[in-house]
Each structure stands twice: as C-alpha cells, then as structure tokens.
**Q** 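Below is the structure I would like to discuss, written out as structure tokens.
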Number of protein chains: 2
Amino acid sequence: MNIYDIAKKAGVSPATVSRVINNKPNISDRTYQKVQAVLKENNYIPNAIARGLVSNSMNLIGIIVDDIRNLYRSHIIYELSQLLNQHRYNTIIFDFGNQDNDLFNSLQQQQLDALIFIGSSFSTPYVTDYISKYYPATPVMMFNGLLDLPNAYSVICDEAAGMELIVEHLYRTGKKNFVYVNYSENLASQRKLAGFCKKLEEYGLAFDESRLITTTGDFEGGRDAAARLLQYSIPCDALVCGLDLIAMGAMYSLKYFGYSIPGDIAITGFDNIIYGKLSDPFLTSVDSNHKEMARVAIENLLGALRKEEAEKVVYVRPFLFCGGTS
Amino acid sequence: MNIYDIAKKAGVSPATVSRVINNKPNISDRTYQKVQAVLKENNYIPNAIARGLVSNSMNLIGIIVDDIRNLYRSHIIYELSQLLNQHRYNTIIFDFGNQDNDLFNSLQQQQLDALIFIGSSFSTPYVTDYISKYYPATPVMMFNGLLDLPNAYSVICDEAAGMELIVEHLYRTGKKNFVYVNYSENLASQRKLAGFCKKLEEYGLAFDESRLITTTGDFEGGRDAAARLLQYSIPCDALVCGLDLIAMGAMYSLKYFGYSIPGDIAITGFDNIIYGKLSDPFLTSVDSNHKEMARVAIENLLGALRKEEAEKVVYVRPFLFCGGTS
DNA sequence: CTGAAAGCGCTTACAG
DNA sequence: CTGAAAGCGCTTACAG
C-alpha cells in the first residue's frame, strides 16, 4: 500500500495525498476529508525511507559508546535520547564494547545527521582521521572528549574542579591526611588527580606517591585499596576515590575492620550514581551534572545542524553532593 | 558526490560502479581497478537511504524499552545489539521511560525490519491493537512479555522455576521460616511469587499474608522490608526477595541490627546483577540467564525475518547463583 | 486548489 | 563484460 494506491482509491493525484499527509495548506476541505478517510481506512503509514531520500535525512543521530552496561553511560544516553526525541530525532546506538565488530562499517549502513561519541576513549588519531575523511561535514559531538576538527564540538565535565570541591570540603571538616585512589590513566582520571593535587598544594598539605593507591575501577578495587591502606599503615583520615564504586568497596572493607566513617576516615566518590545510595548514610560524591552536560551538548549539536555558530568546547562545572561519609 | 559523479570520473556507467561497490561478479579486472581507484580517491560512501529504498530495508531493528537506565535492561539491550550486529543489523532504541514522548509516532519515522519489546509492561491491549493495525507483517519479539498476534514471538524467563530453585536450596540448608518480599504486581513478580508458594506448599511449609511484605523495588524498599520484619517480629530464617536491590537493602539493615547472614537469616535476591556483588560474600540470587534468552530471541527473530517457522513462545530456565548469603 | 513531471541516489533485470 | 532504462515511494516546484 503506497501513496499511488491511496491516490487511486481517493480519486486524486499522489501529490494531493502527499499534501494531506504533510498538512500542507491550500487543500479544499472536501478533498482533505476524502483523502483522510482513505488513509485511515487503510492504516496507511508513509514509507520513511522514501521520505528520507527526498530530504536526505532519516532524522537519525548515531551515539557511539564503549559499553552501554556502564551505569553512568546509560544515564547519559538516556538524557541525550530524551532531548533529541523532543526535537524529533531518533537515536541509534553503536556499542563498541565488543572490539570485533567493525564500528565504522556499521556506521556506513545508515545515513546519520550527526554523531555523538561518549567518553574520552574516542579521542584518538584514528577517529580523527576517519571522521575528517568520511564525515567532514557531519556535526560531531564529543561528550567528555576532544576532537580537533572543524565539525567537532565538545562538552566536558570539569573533573578537576570537582575534585577541588571535594578537597575543600574535607579540609574544612578538619581532615589533613589525604589518600587518593586512582583507577586508570585516561584523561578524565588524570584531570581528577590534577585537581586533587592542586588543591592540596594550595592548602600546603603533603602529597607524594606513598599516598596514591592505584587499583581497578570497581567494588573490588575499593576493597583492594582499603586492604593496602591498612597493610602499609598509611596515615589517612580522608580517602578520596576516583569513582563511586571504588569508594563503596573501600567503605565496605574499612567498616568491616572496625573503622568509623567518617569519624576515623572520611570517604568520597565521584559520579554520584546509585551505587553511592546503597548505604546509610549516602556516599559523599561529585555530581558531574550530566543532565546539564546533555542539555548543552544537544543545544550545541542542534545549533551545528542548523548551520549556526556553536561553541566548540564547553566545560561544565560539577557540584558537590554532600552525603554522610564526610 | 554520488554514484553518477564516480561513474563520470571513472568513465563507466553507474551500473558498473554499483557492481564494483557490491562486489558483483563479471567485472573485468581493469574496470574494477579503475573504479576502485576513483572510489578511494573521493572517499565515496554510498547513500544508505537510496540503497534502503531499493531493498526496502535499512537493516534496522527497533528496541522498545521502558527505561534504559535500569541495569538489568541495559544488559539485555547490550546482548541483543551485539547479536544483531553480527547479522549486520543496527538497533535503534526507543526509550519509553518518559510518558510524554509519543512512542508510536517516533516509530513511524523509521522503516524497521523488526521490533523488540523488552519487559511485560508492553503486553497491553493498546500495543496489541497498534501492532495488528500498523505492523501486521513485521516480526515482533516480546522479551519477557506476551502478545497474542500471528507475527509476535516471545522469549520469557521462567521466574517461577527460578524461585523454586531458591526455595529448594534454602530448604535443604535447613531453613523453615520463609518470608517473601514482593515489589510490584506485574506479570514477572506474579510468576516469582507463584513459584515461591508452590514450592513451599510442596514442602508443607506455612505461608500466609503475614509472611508477605510488599514494598518498592529498590534499596530503600529492602531496608523498609527489614524494618517491618523486625517491627512485627515476624519469625524468619529465610528472607526471599523479588529483586537483588531489595535483598541488598534488607541485608544492609539486618546486618546493622546485628543479625548474622546467613546464620540467623539467609537472604536471596533475583537477577544476579552487579548490585549483589557489592558485598562480601556475594548475594545468592537467581540468574535469569539473559544471555541465553537473548540468543534464543535473536535466533527466532532472524528466523521470522527469513520467513521461516519459529517457535512462538519459549521459556528459558534460569539457574541458581549460590553466593554466601544463604 | 490540483495534477503531471522530475528528481532524490541507488540497484537490477534486460539487452547486447 | 557493460550500459540504458526502469523502478524503489515519496516530495516539490511548476503550470494551470
């Protein structure tokens, strides 16, 4: 059932049917009613591909992500999708978690109006080359990443500022012996550590390698960090963790060994996601303000799609979520 | 830059360019090389919409879900997407979490080869009507749901069997006083409760309303359940929870009040997701075997797409994950 | 207010 | 082995 069939049944031309479907002006009421009736009667839905061919757009935006199962990332995707939906865009998710699927081959199967990359893992020369070669005119939004290309835009969480908020807060509550738990060497964690160090220096507090614990970015990593903290008897009254999950693991172990939180040791996380709510009191954390980040990202991306000038790189300030673990 | 431009530059017809792009046989090596060179030189990518119009498919499958931020659901989506990718399908996610976006309007913007609904919340007369009206010939897979339509297929976790495994396991460890924590009235939770009751009866164990606690399906709900358990002094040595998150909350509170787990009270969850790993020992739970469910779902959906006979409703047996809380 | 015709960018029989 | 032509299902100037 296509537009010609409808036209025939209604006794009009396909052009007229098209006008009715798209609510174009200058249709006689009589014709309009007649066509509408035939449309309903046949449960007609216009072929989206044919429409897309004319407008050269499927109203589709690709979101490229490393692993959608990560809670923080699924929250970001949710926000981005909802905002795009409000502007009549659909989103197609390319999950690059599994290395053996060819992301770029997959991309080429669709005609995408714009691309959104989530996470700094896509800020690579390979991606830069690929985009400049095959998508030189497609607006690209790097969410928490950078890409040095005329068609690329960024919205980035200012993690350093977030860590400064944490240190400031802990310092004001009288904490002096800071230990930092790191989990990766990616850009985000580097920014976090940098903010942490900067603020410590500002307060004239000591920090060296002996106060830096590096582990995995999960609950186990937190337990591991706590174990090493105790094993090496590192003096510590404030344990600053790079991720909520790490903080939860560390807290779990420290409580087990009889430490009072935050009395003996204050603990903080980063991201302020649900993991930090699986305790009483809640975990003190930095909220990256991902809703605001998503809002800015979509606003700028839509601007770029309308060929307007948009800010190339925006840093969004996170805020402190003050739980009871500090 | 379209296929005509390439054809002109290569001095051949568009048909020949098309043959090269699609690796069709019967091309002279000379022509092939010449066209390939022009293709590379211009970083040509065929227009996916135009291709789609010919084949009447964008190789796109729509996944409709209530809220992608839910950890269990994001895991399911991950599995489904990866499997579909292997078969050259892309997936577009329609998140119906926000009621004020019009799901079905959104659907019609794309030409979808198949639809996958995740969760029993889509097993409604409204969806049935809509599908039978507008997508009578599109294969529809209900993941953990049912839809009585000739083009609809189901893969469902046999939650009742899962709960039976739990009860059997607890009974064998000597537990006698079972309390059940429910969280919803949806089909899945009904099946869970039914399995629980059935097995209890089989063992001749008592169960009545006084041993059923209904609360919310989150960590707070678990804490609430524990509080009520203590407040009403319900005799209990086995607390069976409908979800992992509930179990974690209950465990948190019971530990706080000095109960030994599983010595005094055994605790079990359902879904076997990461929440249950945020403790030591891990939470005993039922693994719905979502990987296997996804495998079967995609296998049957692909079968339906190839117009083969496929099983209409498949129940997948979950298995017990035996942690240390039981 | 309405219709005939061209065009969107491909692919695919068909003919040679 | 290659090309001319038709067709996929719409929309959109253009003409009337």
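The structure presented is a predicted model; accordingly, all values stated were derived computationally and were not measured. Residue numbers start from 1 in every chain, and the chains themselves are labelled A, B, ... in the order their sequence lines are given, proteins ahead of strands.
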**Q** Would you mind reading off the distance between M58(A) atom CE and dG9(D) atom P, rounded to a whole angstrom?
**A** 14 Å
**Q** For I6(A) and dT11(D), give me the distance from atom CD1 to atom P, rounded to whole Å.
**A** 12 Å
**Q** With distance as the sole test, does D5(B) use its side chain to make a donor-acceptor pair with the main-chain N or O of N2(B) at under 3.5 Å?
**A** yes
**Q** Looking only at the side chain of V12(A) (C-beta and beyond, no hydrogens), which of the listed nucleotides dC10(D), dG3(C), dC10(C) gets closest?
**A** dG3(C)
**Q** Would you say N85(B) and D95(A) are linked by a side-chain donor-acceptor pair, where the criterion is simply a distance under 3.5 Å?
**A** no
**Q** Please determine, for the side chain of N2(A), which listed nucleotide (dC1(D), dA13(C), dG9(D)) has the closest atom?
**A** dG9(D)
**Q** Give, for atom CD1 of I6(A) and atom CD of Q36(A), the distance between the pair rounded to the nearest 0.5 Å.
**A** 10.5 Å
**Q** Would you compute the distance between atom CG of L147(B) and atom CE of M142(B) and round it to the nearest 0.5 angstrom?
**A** 4.5 Å
**Q** Take the protein atom CG of N56(A) and the nucleotide atom C1' of dG9(D), then report the distance between them rounded to whole Å.
**A** 16 Å
**Q** Taking a pair as Watson-Crick or G-U wobble with both distances under 3.5 Å, which nucleotide is matched to dC14(D)?
**A** dG3(C)
**Q** For the side chain of R19(B), counting heavy atoms from C-beta on, which of dC10(D), dG3(D), dA13(D) is nearest?
**A** dG3(D)
**Q** Counting the atoms with a prime plus P, OP1 and OP2 as sugar-phosphate, which does I27(B) contact under 4.0 Å by heavy atoms, base, sugar-phosphate, or nothing?
**A** sugar-phosphate
**Q** When you check the phosphate oxygens OP1 and OP2 of dT11(D), does a side-chain N or O of R51(A) lie under 4.0 Å from one of them?
**A** yes
**Q** To the nearest angstrom, how far is I3(B) atom CD1 from dG7(C) atom C1'?
**A** 16 Å
**Q** Which part of the nucleic acid does Y44(A) contact within heavy-atom distance under 4.0 Å: base, sugar-phosphate only, or nothing?
**A** sugar-phosphate
**Q** Angle class for the F104(B)/Y130(B) ring planes (parallel below 30°, perpendicular above 60°, tilted otherwise)?
**A** parallel
**Q** Between dT12(C), dT11(D), dC10(C), spot the one nearest the side chain of S18(A), thanks.
**A** dT11(D)
**Q** If you assign each of P25(B) and L53(B) to its closest nucleotide in DNA chain D, which residue comes earlier from the 5' end?
**A** P25(B)
**Q** If only side-chain N and O atoms of S28(B) are considered, is one of them under 4.0 Å from the OP1 or OP2 phosphate oxygen of dT2(D)?
**A** yes
**Q** Out of dC14(D), dT2(D), dC10(C), which has the shortest distance to the side chain of T16(B)?
**A** dT2(D)
**Q** OH/Y72(A) to CG/N144(A) distance, rounded to the nearest 0.5 angstrom?
**A** 5.5 Å
**Q** Determine the contact category for N26(A): base if any of its heavy atoms lies under 4.0 Å from a base atom, sugar-phosphate if only primed atoms, P, OP1 or OP2 are that close, otherwise nothing.
**A** base
**Q** Quickly work out the N22(B) CG to dT11(C) P distance and round it to whole Å.
**A** 5 Å
**Q** For dC1(D), does either OP1 or OP2 sit under 4.0 Å from a side-chain N or O belonging to T31(B)?
**A** no
**Q** Can you check whether any acceptor in the base of dC8(C) is under 3.5 Å from a donor in the side chain of Y4(B), or vice versa?
**A** no
**Q** Rounded to whole Å, how long is the line connecting atom CD1 of I49(B) with atom C1' of dC8(D)?
**A** 14 Å
**Q** For dT12(C), does either OP1 or OP2 sit under 4.0 Å from a side-chain N or O belonging to K24(B)?
**A** yes
**Q** Give the rounded distance in Å between these two atoms: CE of M1(A) and C1' of dC10(D).
**A** 16 Å
**Q** Does S13(B) put a side-chain nitrogen or oxygen below 4.0 Å from OP1 or OP2 of dG3(D)?
**A** yes
**Q** Take atom CD of Q111(A) and atom C1' of dC10(C), then tell me their distance rounded to the nearest Å.
**A** 11 Å
